[in-house]
Colleague: 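Supplied in structure tokens, the structure appears directly below.
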Amino acid sequence: MSILDHIRAARKSFTVWMNAVLLAAYPFADSIIDALRDNLPDLAPYLPANVFRAVGLALVVYNIVHGARAAAKAAKENHAA
């Protein structure tokens, strides 16, 4: 097995494990998002700048998607009533 094959296998294994971790964390996503939202400014000194920006951007995107879903659900409920 060549080094390139080892790298490919390791990458695939990492991807599989990362997907498993994300799937396991999915039921706790709201709690994780709330904790990040509340504590992100306190984490800034401990995170590299690019990670801090990525987490901040992910929170902004989550808030937009969550707000859009809530608005669509409210509109649907108001239309049905």
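Keep in mind that this is a model prediction, so the values were computed, not measured.
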Colleague: Heavy-atom distance under 4.5 Å between the side chains of Ile33 and His66, does that happen here?
Modeller: no
Colleague: Enter the distance from Tyr62:OH to Asp30:CG here, rounded to the nearest 0.5 Å.
Modeller: 4.0 Å
Colleague: Going hydrophobic residue to hydrophobic residue with side-chain gaps under 4.5 angstrom, can you get from Val16 over to Val21?
Modeller: no
Colleague: Under the side-chain hydrogen bond (donor to acceptor under 3.5 Å, both in side chains) rule, collect the residues that match up with Arg53, sequence neighbours excluded.
Modeller: none
Colleague: What is the distance from atom CG of Leu59 to atom CD1 of Ile64, rounded to the nearest 0.5 Å?
Modeller: 11.0 Å
Colleague: Linking I/L/V/M/F/W/Y whenever their side-chain heavy atoms sit closer than 4.5 Å, directly or via other members, would Ile32 and Leu57 fall into one cluster?
Modeller: no
Colleague: If you count heavy atoms of other groups shown closer than 6.0 angstrom to CD1 of Ile3, is the number above 12?
Modeller: no
